[in-house]
Protein chains: 2
Amino acid sequence: MALDDVERCDEVHVHSGVVLKIHKEMPDDDKLYDLAELFKVFGDSTRIRILFALFEEEMCVCDIADSLNMTQSAISHQLRILKQSRLVGNRREGKQVIYYLADDHVRTIIDQGISHIEE
Amino acid sequence: MALDDVERCDEVHVHSGVVLKIHKEMPDDDKLYDLAELFKVFGDSTRIRILFALFEEEMCVCDIADSLNMTQSAISHQLRILKQSRLVGNRREGKQVIYYLADDHVRTIIDQGISHIEE
DNA sequence: CAAACATATGAATGTTTGTTCATATGTTCA
DNA sequence: TGAACATATGAACAAACATTCATATGTTTG
């Protein structure tokens, strides 16, 4: 589909200078996709609860499932998603796998979210 | 379902002190739900693109649709979601409705997201 | 090596969600 | 007031998703 296949409002209302600037500042599709994917990960309360749990300290899967009162399987599936987006890391310790927060962005993003909803 | 209906790992692995602390620090369900709902809003590339457009300047619905090369209806549906979560505001100016960013959290959250994916 | 434990994963299922299409609401202007 | 324009919205549909269940993989220990 070409760029101009879609309806337009009157020329009066479209300021082509701005439209150009928007195109210029807009990240490319890959980056927009990655960004949306990242925020999607925060968009589930189970995953947010996992992150809050890991704010306290690193933990094995079973401890997380226990703290959140959910099944091991459900938690494991969600940890996979959190790990794919590099929000958490893990390491094996014997039979267990220990998960931990990957970096500080997690906390900053969640804190900003909280201050938004608390306004 | 009671709190202890779910499987547990060996007592050795559950540090009840930590579990208690997690329960203490964990926001209540309403807040977790609201937080997840908020991030869900960021979890769609169309909505992110709308926010990027509004970073440049406030705009009417038609200009946004135009800049993003999408239908008025699709944009309008998404603006409704953005407005519900108070990320954007709007005002009517004659036939048009002008949308604008509600506050700075939007920018901070997106910037943190970008720095995470760029790491 | 076998049993027990901890975690991961594939398939199935019900739910949520983004877009489209048709149409309704609201505003201006002739 | 009626036609034209701008926006909003409900219904429908396909795609994405979270949990469950069954089972596989990996690790320790007797």
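Convention: sequence-line order gives letters A, B, ...; per-chain numbering from 1.
Whole-Å rounding puts the B:Arg80 CZ to C:dT20 P distance at 17 Å. Rounding to whole angstrom units, CD of residue B:Gln84 and C1' of C:dG18 are separated by 14 Å. Separating the OH atom of A:Tyr99 from the C1' atom of C:dA6 is a distance of 11 Å, rounded to the nearest angstrom. Regarding B:Met70, its CE atom lies at a distance of 16 Å from the C1' atom of D:dT7, rounded to whole Å. Distance NZ (A:Lys95) to C1' (C:dA4): 7 Å, rounded to an integer number of Å. C:dA6 atom P lies 12 Å from atom CD1 of A:Ile98, rounded to whole Å. Atom pair A:Arg91:CZ and C:dT7:P shows a separation of 13 Å (rounding to whole Å applied). One can place CG of B:Asn90 at 11 Å from P of D:dT7, the figure rounded to the nearest angstrom.
The side chain of A:Ser76 lies closest to C:dT7 when the candidates are D:dA8, C:dT7, C:dG18.
When Watson-Crick and G-U wobble pairs are counted only if both distances are under 3.5 Å, C:dC29 pairs with D:dG2.
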Tabulate protein N/O versus nucleotide N/O from nucleotides 21-25 of chain C, keeping only pairs under 3.5 Å, one per line.
from, atom 1, to, atom 2, distance (Å)
C:dC21, N4, B:Ser73, OG, 2.7

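More than 12 heavy atoms of other residues, nucleotides or ligands sit less than 6.0 Å from atom OH of B:Tyr100. Heavy atoms of other residues, nucleotides or ligands lying less than 6.0 angstrom from CG of A:Asp28 number more than 12.
Contacts with DNA chain D (heavy atom under 4.0 Å) in residues 28-42 of chain B: none are found.
Contact check for A:Phe42 versus B:Leu38: no side-chain heavy atoms found under the 4.5 Å cut-off. Counting heavy atoms from C-beta outward, A:Asn90 and A:Val61 have side chains that stay 4.5 Å or more apart. At a threshold of 4.5 Å between non-hydrogen side-chain atoms, the residues B:His105 and A:Ser115 count as touching.
Between B:Val97 and A:Asp44, the residue whose closest nucleotide on DNA chain D is further toward the 5' end is B:Val97.
Look at B:Gln78 and you'll find a side-chain N or O under 4.0 angstrom from OP1 or OP2 of C:dT19.
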Output side-chain donor-acceptor pairs under 3.5 Å for residues 43-53 of chain B, partner residues at least two apart or in another chain, one line each.
from, atom 1, to, atom 2, distance (Å)
B:Asp44, OD2, B:Thr46, N, 3.1
B:Asp44, OD2, B:Arg47, N, 3.1
B:Arg47, NE, B:Val41, O, 2.7
B:Arg47, NH1, B:Gln78, OE1, 2.6
B:Arg47, NH2, B:Lys40, O, 3.1
B:Arg49, NH2, B:Leu68, O, 2.8

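Annotation for A:Cys60 and A:Gln96: closest pair CB-NE2, 3.7 Å, computed over non-hydrogen atoms.
A salt bridge links B:Arg91 with B:Glu58: the closest approach of a Lys/Arg side-chain nitrogen to an acidic carboxylate oxygen falls below 4.0 angstrom.
Going from atom CZ of A:Arg107 over to atom CG of A:Leu54 covers 11.5 Å, rounded to the nearest 0.5 Å.
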